[in-house]
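Below is one structure; the comments refer to it alone.
Just so it is clear, the values below take in all heavy atoms, side chains as well, and ignore hydrogens, waters and symmetry mates. Predicted model only: the values in this text are computed from it and were never measured.
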Amino acid sequence: MGQRPEGNARDGEAVQLSLLHGFTPPAAPVGKTQPAPHLPIGRVLLDSPLPHLDRPFDYLVPAEYDAAARPGVRVKVRFGGQELAGYLTGRLESTDTTARLIALGKIVSPVPVLSPEVLLLAEAVAARYAGSVHDVLRVAVPPRVARVEKEFAGRVTPESVEVPDAPGTPDAPGAPETVETQDAPETAEIPDVPDVPAAADSTPADSGEPGKPGKPSEAEEPTPFRRYPHGPRFLGHLAAGHSPRAVLSSLRGYGPDAWPAEIAAAVEAAVRSGRGAVVVVPDQKDLARVMAALEDRLPEGTAVRLTAEDGPTPRYRSFLQLLHGDATVAVGTRSAAYAPVANLGLVCIWDDGDDLHAEQRAPYQHARDVLLLRAEMAGAGMLVASHTRSTEAQRLVESGWAAPLNAERTLVRESTPRVMSTADTFNMERDPLAARARIPHAAWKAAQDGLKRGPVLVQVARTGFSPALSCQDCREPTRCRQCRGPMAQAGRNALPSCRWCARPEPRWHCPSCGSFRLRASTAGAGRTAEELGRAFPSVTVVSSAGDHIRPEVPDTPALVVATPGAEPVAPSGYAAALLLDGTAMLSRQSLHAQEETLRRWLTAAALVRPARDGGVVVVTADDTATVGHLLRWDPAGAAERELALRRELGLPPAVRYAELTGSREGLEGFVSRLGLPERVRIVGPAPVEEPPSSRGDDPGTLNGTGRWRTLCFFPYGDAPAVTAAMRAAKAALSARRTGDPVYVRVDGTGVL
C-alpha cells in the first residue's frame, strides 16, 4: 500500500511521522490515566541494587495521587516488567525524556520519610565511596511500620521543599568535597574559623534571641569542659549559634564527669541555641551512657534513641518523632548519622577509631566521614571525641579543619593512673621470666594490692576459651582439613572445631609430625577467668565478653575479665587494670595494629582511678613506642607520629585508597577502562585468601578462577574523579551484563 504524501494530507488525517524532519514526538502517558493538574511528572529513585539504575526516573503522577505524592514518600512503580519500590524525590512540570511515561503504581505511605537534606547527604556519601544511593538509603531510612504511622496520623511533617544551596551541597561551589581537599591550602575557605580560641574574638555581641549568634558566655559552662583550656569557649560558640569544630581527647571514663557528660554538655549548648544535634556511638553500652547523661541535662523527650538493636517499631517511632520535630536530638549507632534532625547545629561521634562505626554492607561507609560531609553540607559544628586520637582525626587537626581540645600536662598527671610496663629494665631485672609469662609477677602484685581497694580490670585480647590452637610437639598452627581455617576450642573438654566452617575435628592429627596432642596458642577471656578464679579462690570473677557484656560492676573487690570494648564501668573507678596480650595485639599483621592497640589500652586505663587515689595500670607488652605513649598518656603525640609515618610511606589516611576485588581478567579490564590519573598508585593484582563468609556480597570464587585484589592509592585532590570513574565503570558493567563482576570498596577498614 502506498502512503499519502505529507503535503496532500487532509485535516484530521494521520500524518506519517517519518516525514516530520526535525521534530521530536512529545512524551505521552500510556492508557487513559488522567495526569495531575499541577506538576504532573514525578521523579522516582528506584530501590534496586543494580548500579546502572542508580539514577532517578520520571513517572506520571495520576490526578488521584496529586495530594499524597509529595517528595520523600515511598512509592511502587512498574519497571522492566516488575514492580519495584522507591522514593518520590521531586515533582516536575515537564520531562526531557521522549519515552512514554508510566503512571505511579501506588503511594505506599503519605509520610515523606526522605527529606531533601538526607537525600543530598546520601548522594554525597555514594559519590565518596563509589557506591549507589540505594545502598546508602537502605541504612538511612528505617523500614516502615504501618501501626507506628497511625500514631502520627493527622500530623503534618515539615514541607518537603527544595533546600537552597548551602556550602557543601552538590550544586554549590566547593561542595561536599571540601573534606576531600583538607590537606590543601584552600582549607581556609571552609566556613567558620578553624582555631576555636581565635574565633571567640570575632563573635558579635549577644543578640538575646535563641538560635541567633551572640557572645559566648563561659561562666555558665559545666565542669567537664573546664578541664580543657579551650573547652568553655567551644561550648560558648555552640550556645551562641556558631559552628565550631573540635577533636577532644577525653580524660575520664567513669564518674559523673566522664566523657558522656562532656558530650551531653556540647549537645545542651547546641540545644540552647535553638538547634538540633546528632550523636553517634559505637555500641549499645555507650548509647545507654550517653542517653542517661542527656536525660539529666535536657527536657524530657528532647533526645531519642535511633538504633536497629531496639527493633523495627521503637526505631521507626523515634525516626518519626525526629521527622515531625517532636525530638531535636538523635543518639544512636552508625545509622543515626542520617537522622532527620531539623536545623542541625552539632554532629558528634564518640571513639571514631572503633571498627563498629564502619558499615558492613556496601558501600562500607564510615560514620565519621558521613558526619564530616553532613557538617559541611548543613554548616553545623562537629565534635570528634575519644580517649585516644585516630590518625584520621589528627589529619583534621593538622589541616586546620578542627581545633584540638587537650588537657594541660599537669592536669593529665593528676587525673590519670600510674602506668607500669613489665618489659622495662626495672621489672626485667627483678623478674627475668616476665617476658615469657602471660601474667608477670608485677601484674600479680598489682592485682593483689588492687583487690584490697576495689575491683580490678583484666583486659584480654580474645573472646572464647582457646581461640587459637597449635600442635603440642612441633608448634605448627592447626588448620581445618575441610577449608584450611584456624582451629579453636570452646571449653576445656570441648572438641576442637574450625572457626570458619564450625566443623568439629574429633580425631585431629598434625600433618607435619603426626602428633595428636594440642596446645592453646592464646588464651581467651573464658580461660583467663578460669585461671584467675583458681589463683584467687576467695575473689569474685566477672567475665564480660562476646554476647554477655556487663555494662557496670559494683565498687566491691572483684576480678573483671573483659575483652576490648566490653569493659564494664565501675562507679568509682577500678583500683587497678592489667592489660594482657599486648605483644600479640601489637604484632598483628595490620596497618592499624599499633594505633588500635593504644586505643584499647587508653579506653581501659581511663576507667582506672587516678594515681593519687592508688590507681595502677600494668601493661604486659614489649617495650615499644606504643607502650611509651601509654606511659606518658600522650594520644596526640602518638597520632602525630603515626600520621607522619603514613605520609612518608604514602598510606591512608595521608592518601585515600580503593580495594578492587574480582577475577584477574575482570580486574585488568576494570582498571584499564578507568583512565586513572598518573598520580594514582596501583598495587596488584594479587590472590586473596579469605574465609567464604568474610564478605557478605563477595563470593569466595569467581567462575572457578579464584579471587584477586588490586589496591589503588590516590591523593585527596584526585578522589572525586577516581570514585566517579569507578561508579561509571560499575554501572557500565552492570548494564552490559558481560564479564566477571568487580567489587569496589573505598577506604575500607581491615584491608591493609
Side-chain angles (χ1 to χ4, degrees), residues 251-260 285-286 288-289 292 387 414-422 427 430-431 434 437-463 465 523-546 548-582 600-621 630 633:
L251 287 177
R252 184 66 58 86
Y254 69 93
D257 57 347
W259 64 266
K285 179 168 64 72
D286 294 335
R289 297 186 66 187
H387 292 305
E414 294 175 1
S415 305
T416 56
R418 177 192 175 197
V419 182
M420 300 170 50
S421 173
T422 59
N427 287 293
R430 286 155 180 78
D431 186 9
R438 184 163 184 257
I439 306 180
H441 176 72
W444 284 106
K445 180 63 175 173
Q448 289 176 340
D449 296 342
L451 288 172
K452 300 175 183 178
R453 304 186 302 272
V456 174
L457 175 65
V458 181
Q459 185 191 70
V460 296
R462 296 283 196 86
T463 60
F465 188 81
R527 180 166 181 170
T528 303
E530 181 182 287
E531 293 175 351
L532 291 175
R534 294 197 301 265
F536 298 90
S538 60
V539 178
T540 302
V541 179
V542 179
S543 178
S544 178
H548 58 282
I549 297 178
R550 297 280 297 269
E552 188 173 323
V553 293
D555 288 328
T556 56
L559 282 169
V560 182
V561 182
T563 51
E567 300 91 349
V569 179
S572 300
Y574 288 96
L578 311 182
L579 307 180
L580 307 182
D581 306 327
R600 294 177 176 182
W601 286 348
L602 286 174
T603 300
L607 300 174
V608 183
R609 301 167 187 171
R612 64 173 183 269
D613 298 332
V616 177
V617 174
V618 180
V619 55
T620 60
L630 176 65
W633 204 281

Q) Are any of the side-chain heavy atoms of Val560 and Arg550 separated by less than 4.5 Å? A) no
**Q.** Nearest-0.5 Å distance that lies between atom OG1 in Thr422 and atom CG in Leu578
**A.** 10.0 Å
(Q) Working to the nearest 0.5 angstrom, can you tell me the gap between Ser543 OG and Leu559 CG? (A) 11.5 Å
Q. Which atoms form the tightest heavy-atom contact between Asp555 and Pro455, and what is the distance?
A. O-CD, 3.3 Å
Q: Dump the intermediate steps for side chain to side chain contact (heavy atoms under 4.5 Å, CB included) on Trp601 and Val617, then the final yes or no.
A: CA-CA 9 Å; Trp601 286 348; Val617 174; over 6 Å; no
Q: Could you tell me whether Arg453 atom CZ has more than 12 heavy atoms of other residues or ligands within 6.0 Å of it?
A: yes
Q) Side chains of Leu602 and Trp633: closer than 4.5 Å at any heavy-atom pair? A) yes
Q) How long is the span from the CZ atom in Arg252 to the OG1 atom in Thr416, to the nearest 0.5 Å? A) 9.5 Å
**Q.** Pro568 versus Leu607, closest heavy-atom pair with distance
**A.** O-CD1, 3.7 Å
Q. Who pairs with Ala558 by side chain to side chain contact (heavy atoms under 4.5 Å, CB included), at least two apart in sequence or on another chain?
A. Thr540
Q) Does the Ser544 side chain pair with the main chain of Ala562, one donor and one acceptor, at a distance under 3.5 Å? A) no
Q) Is there a donor-acceptor pair closer than 3.5 Å between any side-chain N or O of Thr556 and the backbone N or O of Gly454? A) no
(Q) So does Ala446 get a backbone contact from the side chain of Gln448, meaning a donor-acceptor N/O pair under 3.5 Å? (A) no
Q | Residue Lys285 excluded, over 12 heavy atoms near NZ under 6.0 Å | A | yes
Q. Can you check whether Thr563 reaches Val460 side chain to side chain, under 4.5 Å on heavy atoms?
A. yes
Q.
Does any part of the side chain of Leu580, heavy atoms only, come nearer than 4.5 Å to the side chain of Val458, both counted from C-beta?
A. yes
Q) If every non-hydrogen atom of Gly450 is compared with every non-hydrogen atom of Ala575, which pair is closest and at what distance? A) O-CB, 3.3 Å
**Q.** Non-hydrogen atoms of Leu579 and Gln459 that approach each other most closely
**A.** CD2-OE1, 3.8 Å
Q: Search all heavy atoms of Val616 against all heavy atoms of Pro417 and return the closest pair with its distance.
A: N-CB, 4.2 Å
Q.
For a quick test of reading the model, state the closest non-hydrogen atom pair linking Arg609 to Tyr254 and the distance between them.
A. CA-OH, 3.3 Å
Q. What pairs with Arg418 under salt bridge (Lys or Arg N to Asp or Glu O under 4.0 Å), at least two apart in sequence or on another chain?
A. none
